[in-house]
Amino acid sequence: MTTTGEARARAERYEPRAIEPKWQARWAELRLHDTDLWDTSRERFYLLTMYPYPSGALHIGHWYIVTPTDAIARYKRMHGLNVFLPIGFDAFGLPAENAAIKNRINPRDWTEKNMENMRRQFRSMGATFAWENSLATCDPEYYRWNQWMFTKFMESGLAYRSVSPVDWCPNDGTLAREQVEGVERRCWRCGAKVEKRELPQWYLRITNYADELLNFEGIDWPEPIRIMQTNWIGRSSGAEVVFQTAPSDHHAGGEELRVFTTRPDTLFGATFMVLAPEHPLVASLTSPDRRAEVEAYVEAARAKTEIDRLSAEREKTGVYTGGDAINPVNGARIPIYVADYVLMGYGTGAIMAVPAHDERDFAFARRFGLPVVNVVMPRGADADAELEQAFTEHTVDEVMVNSGRFTGRPAADAWHEIVAWLRERGLGETAVTYRLRDWLISRQRYWGTPIPVIHCEACGPVPVPEDDLPVLLPDAVDYQGSGDNPLNRDEAFLRVDCPRCGQPARRETDTMDTFIDSSWYWFRYLSPHNSEGPVDPTLAEMWTPVNQYTGGAEHAVMHLLYSRFFTKAMRDLGLINQSEPFRRLFNQGQILGADGERMSKSRGNVVDPDDLVARHGADTVRLFLMFMGPWDQGGPWSPTGIGGVAKFLGRVWAIATDPRGREPSDPNSGQLPAGETEADARNRMRAAAHRTLRDVTVDYEGFRWNTMVAKLMELSNVLWRYRGTSVAGLPEWDEAVRLLLLMLAPAAPHITEELWSRRLEAGGEAWESIHVQRWPSVDESAVAEATREIPIQVNGRLRDKVTVDVGISQIELEQIVLARDKVVAAIGEAQVARVIHAGGKLVNIVVKG
RNA sequence: GGCGAAGUGGCGGAACGGCAGACGCGGCGGUCUCAAACACCGCUGGGGGCAACCUCGUGUGGGUUCGAAUCCCACCUUCGCUACCA
């Protein structure tokens with residue numbers, strides 16, 4: 001018998017550091033992953049993963065997204081598809097600028113350096129990106145097309161400038177609405193409390209596409225994302241109703257006051273009205289004796305941050321303006337209040353308040369002692385009962401009360417009848433309102449795409465002519481140690497003549513939200529250096545929509561919604577002719593820090609993949625991330641268990657390189673399992689390999705990596721048991737090893753390539769990468785089984801098992817089953833009522849008594 | 001408050017109408033070693049039994065079914081998103 005030391009000296013061990021860089025270099029040299037986009041001979045597959053922000057280094061979360069995406073690419077290539085898997089950098093944005101201010105360096109240098117490091121890291125994981133098609137959004141070659149499209153949008157009216165209250169972060173300037181987070185109303189980037197400011201800003205009319213964005217036909221996206229987008233767009237249908245202001249000492253009256261309501265059936269119950277503090281009619285409605293109070297309230301509301309406005313247990317506040325309105329259905333004179341629970345940005349910024357049937361109005365009425373009039377009640381209820389809370393049910397069996405001519409009508413019908421009545425008199429109409437607002441894209445920051453506009457005193461804002469694009473972002477900037485946009489001080493940048501009238505004018509200094517960049521980048525990957533236009537129409541037609549997109553769900557109502565909008569807007573510019581960007585979307589889960597919190601430098605819980613790779617090798621890290629759990633789940637990072645994956649690869653290595661090796665410390669090593677013949681073993685290996693292939697293929701298709709890896713582990717365990725025995729090295733063994741390597745190749749590309757090349761060498765064959773091999777096909781005859789073990793239940797409880805021929809008839813099976821000792825014992829004195837044969841998989845005997 | 005997802009061994013998780021706990025970690029016992037690490041072999045949901053086996057078990061309570069972790073109803077808990085949207 002050999003000693004362990006001798007055995008080890010003989011068998012070469014798996015050493016990832018020795019093989020991974022070698023193959024990465026070889027793949028790059030052979031340009032194995034650059035895609036020939038013009039190849040029409042094969043089916044195309046555009047696989048896209050969300051491009052990263054060049055923060056400096058990849059963290060384990062990037063690996064968690066990219067590793068399986070890369071495995072999909074490799075798997076699809078093995079099916080003969082022409083796969084395009086590009087990567088680039090979301091290279092504009094605040095961290096670069098903040099780093100620049102702090103360290104007094106140029107954001108461009110900082111960004112370039114980070115991208116270089118991250119490219120190295122991507123290569124170290126063996127990712128098969130098409131680097132030839134890479135892009136960085138801070139490159140003028142890229143952002144000039146942001147500008148070009150912006151000017152087109154200006155021409156078509158899709159981009160516009162407007163002065164309105166915007167969310168303002170003291171550090172980061174203006175924010176889009178979805179960049180303000182949580183109850184606390186904090187900035188998504190820096191966490192500062194967000195205020196409201198009144199500023200002239202640029203917007204894109206995403207609301208024009210609200211209805212189209214609600215339609216998800218033809219795209220296969222996760223239900224939760226579709227729901228989130230649907231809720232975010234927030235379509236609600238109701239009616240717009242015109243009230244008139246009532247004349248009084250200080251106000252002439254007769255002015256239209258429009259409100260939006262989803263409950264026109266409750267119109268008779270409107271006992272007061274409420275205007276948002278910003279509403280234009282507030283000033284003229286306010287009576288002299290109330291002016292001081294109203295102005296103070298409006299001023300306070302403006303100064304308040306949203307947090308304050310929402311805090312205090314949502315206690316309702318407000319003041320009476322001294323003005324009144326006339327309810328169009330019954331002529332009632334009702335008071336008009338100002339209150340900040342009504343928002344200027346939604347509907348018309350004014351509401352009719354129906355305290356009996358709206359919780360907020362009810363609370364307000366209670367607080368201010370305003371009348372509550374019931375107008376919709378359950379059939380048979382007391383019409384004038386005093387309500388404890390607002391009655392908001394609106395099902396089928398409510399009837400109208402206190403509603404003039406409509407009293408007694410079913411509430412469901414009255415909804416339409418009242419709208420019809422209003423329509424006839426020109427006092428109202430059905431209307432649809434959206435929660436979605438136009439997209440605020442101005443940012444008072446330097447490191448972004450300059451908005452290509454020139455402000456001329458005579459001509460107003462004028463788009464920069466196409467021939468003058470791009471408006472280059474000046475590289476030499478002086479921050480003077482402040483967060484101010486340095487473009488505001490850059491005279492060379494600012495001074496320009498008006499392209500329309502030639503008079504001296506001034507450039508716009510705001511830059512674009514970086515979500516503009518990411519709203520069309522996948523088109524640009526197809527022709528990143530194209531100087532004719534943003535997209536190459538032929539390539540776009542060939543390759544888009546993207547077949548599969550992978551990335552985090554946190555972008556549900558930001559990037560993923562903007563991208564859909566942009567695709568439609570680009571379609572309407574005639575650039576492309578498709579309406580959706582991503583045919584299929586998969587949202588992987590998020591890897592959290594070991595503490596269960598989101599990974600961040602400030603928390604100090606970031607996991608560095610370089611360390612892990614240095615210790616275990618890229619293949620082990622890749623496989624471990626895939627093995628952790630379902631891909632859409634994510635979870636807290638824990639490295640315990642990575643040793644199990646390393647052990648698995650070590651065994652694969654030993655199986656492939658040393659089939660005759662034995663385990664010195666195992667006395668049974670080299671022996672077939674007790675009672676098993678060589679023929680049994682050969683069948684078993686073959687069956688195991690082909691069953692694994694059948695099942696693993698399904699897992700690959702469904703991105704179920706954890707079970708995929710588990711099944712490959714099972715197959716390796718079968719082979720491990722036979723290693724060193726008389727069947728090791730026989731054709732069945734050899735076939736099983738071959739299949740194991742092929743199935744593992746997309747997930748663990750380096751070790752499989754190494755072992756594959758050794759096989760070819762040993763067999764005297766010329767080298768050909770494992771990654772260009774065809775995915776094997778299942779031999780059904782190997783999978784088929786002659787006998788089957790049938791579990792036997794009595795009244796649903798497992799009592800016995802029996803192995804029978806697969807083709808056995810139910811009658812025969814029943815005879816065998818009922819004769820089994822354990823079954824007889826379990827039945828006892830009882831009577832057999834029924835015998836259930838569950839598809840030949842199980843027998844259940846139902847007994848009574 | 002609203003919308004959504006999820007609750008299974010000590011842990012990550014399999015199974016998604018038909019043998020609960022695949023696969024792996026950890027733990028326990030053993031082989032090898034001067035020793036440690038590595039590697040290897042065996043056991044490992046709880047309770048009972050020398051054993052074959054019995055019994056209880058998938059957040060809680062009901063229901064449907066021959067049979068429920070899986071389907072239905074109610075509740076509890078956790079995590080995401082949202083937040084006075086008229």
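Keep in mind that the numbers below use all heavy atoms, side chains included, and drop hydrogens, waters and symmetry copies. None of these values were measured; they are calculated from a predicted model. Each chain gets a letter, A, B and so on, in the order its sequence line appears, and its residues count up from 1.
Residues that satisfy the salt bridge (charged side-chain N to carboxylate O under 4.0 Å, His left out) test with Arg660(A), not counting sequence neighbours, are absent from this structure. With sequence neighbours left out, the ring-ring contact (aromatic ring centres under 6.0 Å, His included) criterion links Tyr14(A) to Trp653(A). Applying the salt bridge (charged side-chain N to carboxylate O under 4.0 Å, His left out) rule to Arg226(A) yields the partners Glu223(A); only residues at least two apart in sequence or on another chain are considered. Legend: residues meeting salt bridge (charged side-chain N to carboxylate O under 4.0 Å, His left out) with Asp358(A), ordered by chain and number and at least two apart, are Arg360(A).
Gln229(A) places its CD atom 16 Å from the P atom of C81(B), with the value rounded to the nearest Å.
The base-pairing partner of A74(B), taking Watson-Crick or G-U wobble contacts with both distances under 3.5 Å, is U60(B). Under the Watson-Crick and G-U wobble criteria, each requiring two contacts below 3.5 Å, nucleotide A52(B) is left unpaired. Nucleotide C28(B) forms a pair with G42(B), judged by Watson-Crick or G-U wobble geometry with both contacts under 3.5 Å.
Side-chain nitrogen and oxygen atoms of Ser236(A) include at least one within less than 4.0 Å of the OP1 or OP2 phosphate oxygen of A86(B). One finds a side-chain N or O of Arg834(A) lying less than 4.0 angstrom from the OP1 or OP2 phosphate oxygen of C66(B). Considering only side-chain N and O atoms, Asn717(A) lies under 4.0 angstrom from the phosphate OP1 or OP2 of G24(B). A close approach under 4.0 Å does occur between a side-chain nitrogen or oxygen of Arg797(A) and OP1 or OP2 of C56(B). The side chain of Arg651(A) contributes an N or O atom lying less than 4.0 Å from OP1 or OP2 of C40(B). Taking side-chain N and O atoms only, Lys848(A) has no distance below 4.0 Å to OP1 or OP2 of C66(B). Proximity of Lys316(A) to the phosphate of C84(B): no side-chain N or O atom is located under 4.0 Å from OP1 or OP2. Contact between the side-chain N/O atoms of Asn231(A) and the OP1/OP2 oxygens of C81(B) is not found at any separation under 4.0 Å.
For G9(B), the base is syn relative to its sugar; the glycosidic angle is within 90° of 0.
Contacts of Gln793(A) with the nucleic acid, taken as non-hydrogen atoms under 4.0 Å apart, include base atoms. Ile351(A) comes within contact range of at least one nucleobase, with a heavy-atom separation under 4.0 Å. When heavy atoms are screened at a 4.0 angstrom cut-off, Lys647(A) is found touching the sugar-phosphate backbone but no base atom. Within the 4.0 angstrom heavy-atom criterion, no nucleotide atom of any strand lies near Arg235(A).
Within the structure, side-chain hydrogen bond (donor to acceptor under 3.5 Å, both in side chains) pairs that include any residue of residues 636-647 of chain A comprise Ser638(A)-Thr640(A) (at least two apart or interchain).
Lys316(A) forms a cation-pi arrangement with Tyr341(A), by the criterion of a distance under 6.0 Å to the ring centre and an angle within 45° of the ring axis.
Within residues 622-641 of chain A, the residues that have a heavy atom under 4.0 Å from RNA chain B are, in order of number, Phe627(A), Met628(A), Pro630(A), Gln633(A), Thr640(A), Gly641(A).
Remark: the backbone N or O of Lys801(A) is paired with a side-chain donor or acceptor of Arg820(A) at under 3.5 angstrom.
Taking atom C1' in both G2(B) and U8(B), the straight-line distance is 30 Å, to the nearest Å.
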